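Okay, so here's the structure we're looking at.
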Amino acid sequence: MKIFAINLGSTSTKIAYYEDETCRLKQTIAHSLEDLQHADGIFAQYGFRRRDIENFLAQHGIAVSELDAIVSRGGPTAPVEGGTYRIDEDMLAEIRTGKYGIHPCSLGCQIAYDMTAGTKAAALTVDMPGTCEFDPLAFYSGLPDVPRVPAYQALNNRAMARAYAESIGRNYEDLNLLVVTLGGGITVTAHRKGKMVDAQNGITGDGAFSNNRCNGVPVGPLVDLCFSGKYDHEAMIRKVNGQAGLMGYLGEMDVISIEKKALAGDQKYTEVLEAMCYQIAKDIGAFATVLKGQVDAILLIGGMANSQYIVDLIRDRVGFLAPVAVQPGEREMESLCLNAYRGLTGKIQIKNFREGKVHVPVF
């Protein structure tokens, strides 16, 4: 089986090529600043994103006609069951609405679908951001019009949790874990015996502030700001997701640069970074109650888990709850390719998007 994976980020596209369960190529394409600046929104990046992907394939002598699947990290949708899905028109139509958030991977699904058209290759995605295995109580928000729905890095969450379980000689399905994603979006997810039973919506508003997102803020003042006349809808969305968080407080969002300034003694940078970690720790404490305090481990994953400074700030506040394990980075490409392979070989089911949707209670 020949499987090609794409994972679109804000400024780059990660690529992997597998033959059966073996990785043959893995690379990150950095897109030009000129291309990114001239594209008005994610979907306007279609042309150069697809061009760069196809150029990579050509350079390495990989023909789409010989592939068995192109698998993309999924875009935000309504809640769905976890698993491997065939990308179809129903899924793409929902992703394009932006109702559940817009992410570069929204475009990735469209590219995978279009590139496989007329070929034997399947267009697939795995553990989408809307993956929902929630307990019924997790849907309640306090505002009946706005149920809590998942939008988090489910793909990497599951992959890292399984990897941790393997590293300690345990089965993932036997563990209770809190997985903390420290990336562009910061979320805490409760894993109970192989199911992700509660998670924060890191795309449209839960949790700690991150490099450019504010997420959980006082509701009343936020409503006032929306109706202040200073911002239209699009400007307000950009303010809370793009101009907030570390960017809002410090005017920059490169965590490496911010950490250097904090360590050099800049009090403002120190305090803002510590405030972010303070919020993360509070969320971890709250999610420990989802598992009734029976937490086998707290996993810190994602790019910011490479920062010992950030890890130490978080561990200092939550280490009493459970052992803190650090697994920087991601296993998304591996998970995409291996789950696509398992689906194509019949080891797991390839699901239909419409049938996989999870009912969200109407209160």
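These figures come from a predicted structure and were not determined experimentally.
- Phe43 and Ile102 get closest at one heavy-atom pair: CE1-CD1, 3.9 Å.
- Lys195 places no side-chain N or O within 3.5 Å of a backbone atom of Glu133 that could act as its donor or acceptor partner.
- Taking 4.5 Å as the limit, some side-chain heavy atom of Ile298 sits within range of a side-chain heavy atom of Val180.
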Derivation and outcome, salt bridge (Lys or Arg N to Asp or Glu O under 4.0 Å), residues Arg192 and Glu173: CA-CA 8 Å; Arg192 185 174 63 223; Glu173 291 77 11; over 6 Å; no
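- Going from atom CG of Leu321 over to atom CG of Leu178 covers 8.0 Å, rounded to the nearest 0.5 Å.
- Surrounding CZ of Arg354 are at most 12 heavy atoms belonging to other residues, nucleotides or ligands under 6.0 Å away.
- Between Glu330 and Arg73 there is no salt bridge, since none of the side-chain N atoms of the basic residue sits less than 4.0 Å from a carboxylate O of the acidic one.
- No side-chain heavy atom of Tyr85 sits under 4.5 Å from any side-chain heavy atom of Asn352.
- Residues Cys109 and Ser72 approach most closely at N-OG, 3.4 Å, considering heavy atoms.
- Ring centroid separation for the pair Tyr249 and Phe209 comes in under the 6.0 Å cut-off.
- To the nearest 0.5 angstrom, Gln327 atom CD is 7.5 Å from Ile301 atom CD1.
- Of all heavy-atom pairs spanning Leu36 and His31, the tightest one is CD1-O, 3.9 Å.
- One finds the OG atom of Ser32 at 9.0 Å from the CD atom of Gln37 (value rounded to the nearest 0.5 Å).
- Contact of the Arg49 side chain with the Leu8 side chain is registered, since non-hydrogen atoms from C-beta on lie closer than 4.5 Å.
- Classification of Lys2 and Glu19 as a salt-bridged pair fails, no side-chain N sitting under 4.0 Å from a carboxylate O.
- Residue Cys226 comes nearest to Met236 through the heavy atom pair SG-CG, 3.8 Å, listed as atom of the first residue, atom of the second, then distance.
- Looking at every heavy atom in both residues, Asp232 comes nearest to Ala235 through OD1-N, 2.8 Å.
- Of the charged side-chain nitrogens involved, none lies within less than 4.0 Å of a carboxylate oxygen, so that Glu166 and Arg162 do not count as a salt-bridged pair.
- To the nearest 0.5 Å, the span separating CG on Asp88 from CG on Leu124 amounts to 11.0 Å.
- A distance-only check finds no donor-acceptor pair linking the side chain of Ser335 to the backbone of Arg331 [under 3.5 Å].
- Atom CG of Asn201 is separated from atom CG of Asn215 by 8.0 Å, given to the nearest 0.5 angstrom.
- Note: His60 and Tyr17 fail the aromatic proximity criterion, with ring centroids not under 6.0 Å apart.
- The backbone N or O of Gly245 lies less than 3.5 Å from no partner atom in the side chain of Arg213, so there is not a single donor-acceptor pair.
- Taking every heavy atom of both residues into account, Lys193 and Asn176 meet most closely at N-OD1, 3.5 Å.
- In this structure, Phe134 has its ring center closer than 6.0 angstrom to the ring center of Phe139.
- Without hydrogens or angle criteria, Thr181 side chain to Gly183 main chain gives no donor-acceptor distance under 3.5 Å.
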